[in-house]
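Single-structure report; data block below.
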Amino acid sequence: CNQDKHKRAVFMILITQMEEGKMLQKVHQTDSERYANCIAVSKRIRWEIDKDVFKGRSFDFNKKFLPDGLSKVQDLDFMTDNDKKLLSQIQGRTYANVFGLVERFICAKIMEVSSDYMFGDQVALEGLVRFSDEELKHQEMFRRIDSMIGQHMPAGYHFQPNPNEVASVVLEKSTWAVLALTCHIELFTQAHYKQSIEPDELLSDLYKDIFLFHWKEESQHAIMDEMEWIKEDKKLTESERNHAVQDMIDLVVAVDGILQVQSKSDSEYFFQICSDNYDEQQRQVIEAKLLQAYRWQYIISGVQEPRFMKILGGMINQQQEATIQQALATLM
């Protein structure tokens, strides 16, 4: 009788181990399936810069580039409509340049993490290689946008940060922090297009189409960002995660430093070429609004994105959350 009980106990343990094995296999298959789906979508929506996006067109300078929901120019009620349009175009040029900058370090980091699959999951490897290839294409597109806009706007505009120097600084931080920033960027890209760019019928058609095509590919990138970030998080001890959280905060602070410099540069350029003469108080308001708009575009809109907060919230403890909230308080 005791032998039968022992056999039944052993049998139940074996059954439990088999079920656990199936569950682990299912989780693995689910990740692989998500990568496979990203690949399938990537193949279906694949686009080329000249053939599908530009199609021989130029930017319409009679229209806005960035929508009011991103540029915040609607809050500047003392400005003329023409100057609001001009400020949206300056911001639109910087918007493209910022994406070109961040995609420099995003591409480098994705190429780095893809090496984990070099002799493993080839589906995941293909997904990340496609991700990197698309990011390189986006960088080319954003460089061309700056050149095309620059041919029609007065001289004097400067994009201050150097993409390679910024990438070098970012990539010195922990992989967890870089993937956190990457996921943050990919998700606010989605929100910007769906909530502000797509609904606005008053934008330059070419500018609007650029971010339609960009959104299509970034939608898949956001999925892979999330998977890689979660994968990296599972490797960390609590002490390592504390360090990674501080790295993420440092990166956000560094981004804010870039935005302060660029918003000042862009406001000075605007004052050089705008149609009206603004007094000192109005100039200060415009400069402050520009910084506020840039912080909204590149930091706050991503931090408030529900999907980002859900992913981050699933990784950190209450103390780490409090540390992040305290660091972001001045920006919010």
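Quick caveat, the model's predicted, so the values are computed rather than measured.
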Exercise. Which of parallel (below 30°), tilted (30 to 60°) and perpendicular (above 60°) describes Y207 and F65?
Worked result: parallel
Sorted by chain and residue number, the side chain to side chain donor-acceptor pair (under 3.5 Å) partners of E126 (sequence neighbours excluded) come out as R130
All heavy atoms of W176 vs all of D233, minimum pair found to be NE1-OD1, 3.0 Å
Report yes if the side chains of H221 and I110 come closer than 4.5 Å at any heavy-atom pair, otherwise no.
-> no
Closest non-hydrogen contact found for L206 with S58 is CD2-C, 3.7 Å
Should we count CG of D50 as having more than 12 external heavy atoms under 6.0 Å? yes
**Request:** Determine, stepwise, if the pair Q91 / S71 fulfils side-chain hydrogen bond (donor to acceptor under 3.5 Å, both in side chains).
**Result:** CA-CA 7 Å; Q91 288 196 54; S71 70; 4.6 Å; no
E280/R283 under salt bridge (charged side-chain N to carboxylate O under 4.0 Å, His left out): CA gap, chis, key distance, verdict: CA-CA 5 Å; E280 184 59 31; R283 285 171 174 251; 5.2 Å; no
In short, R93 meets G150 closest at the heavy-atom pair NH2-CA, 3.5 Å
What verdict does the salt bridge (charged side-chain N to carboxylate O under 4.0 Å, His left out) test give for K63 and D200, after you've listed the backbone C-alpha separation in whole Å, the side-chain angles of each residue and the deciding distance to 0.1 Å? CA-CA 11 Å; K63 295 183 177 182; D200 197 325; over 6 Å; no
*asked:* Less than 4.0 angstrom from a charged side-chain N to a carboxylate O is my criterion; do E228 and K109 meet it?
replied: no
So CZ of F270 and CG of L290: to nearest 0.5 Å the spacing works out to 9.5 Å
### Message
Does atom NZ (K310) have a neighbourhood of more than 12 heavy atoms from anything else shown, all under 6.0 Å?
### Response
no
Closer than 4.0 angstrom, basic N to acidic O: yes or no for D60 and K208?
no
- Query: Among side-chain atoms of S275 and N82, is any donor-acceptor pair under 3.5 angstrom?
  - Reply: no
Test item: side-chain donor near acceptor, N37 and E33, under 3.5 Å:
no
Hey, are Q160 and S265 close enough side-chain-wise for a donor-acceptor pair under 3.5 Å?
yes
task: Indicate, with yes or no, if the rings of H192 and F211 have centres closer together than 6.0 Å.
output: no
Rounded to the nearest 0.5 angstrom, the OH-CG distance for Y298 and D256 is 13.0 Å
Q: Anything under 30° is parallel, anything over 60° is perpendicular, the rest tilted; go ahead and classify H138 against W47.
A: parallel
Check: Is V102 reachable from M111 through a run of I, L, V, M, F, W or Y residues, each pair having side-chain heavy atoms under 4.5 Å apart?
Finding: no
Discussion item. Less than 3.5 Å apart, any donor N or O on the side chain of E103 or H214 sitting next to an acceptor on the other?
Written reply: yes
Exercise. Ignoring hydrogens and geometry, is there a side-chain-to-backbone donor-acceptor pair from E165 to P163 under 3.5 Å?
Worked result: no
Can we say E140 and R143 salt-bridge, meaning some charged N sits less than 4.0 Å from an Asp/Glu carboxylate O?
-> no
- Would Q246 and N242 satisfy side-chain hydrogen bond (donor to acceptor under 3.5 Å, both in side chains), going step by step from the backbone distance to the final call? CA-CA 6 Å; Q246 186 57 54; N242 284 334; over 6 Å; no
Rounded to the nearest 0.5 angstrom, the CZ-CD1 distance for F142 and I210 is 8.0 Å
ask   = Is a side-chain donor-acceptor pair under 3.5 Å present for E238 with N317?
value = yes
Cation-pi geometry met for K231 and Y117 (6.0 Å, 45°)
yes
| Does a side-chain N-to-carboxylate-O contact under 4.0 Å join R57 and D209? | yes
On a heavy-atom basis, the closest approach of Y278 and T80 is OH-N, 4.1 Å
- Task: Check the surroundings of atom CD in Q260: do more than 12 heavy atoms from other residues, nucleotides or ligands lie under 6.0 Å from it?
- Result: yes
Compute both the distance and the angle, then confirm whether R144 meets the cation-pi test with F54: under 6.0 Å from the six-membered ring centre, within 45 degrees of the axis.
no
**Report entry** Donor-acceptor contact present, side-chain E172 to main-chain A167, <3.5 Å
**Finding:** no
Give a yes or no on whether a salt bridge exists between K55 and D205, defined as a side-chain N under 4.0 angstrom from a carboxylate O.
no
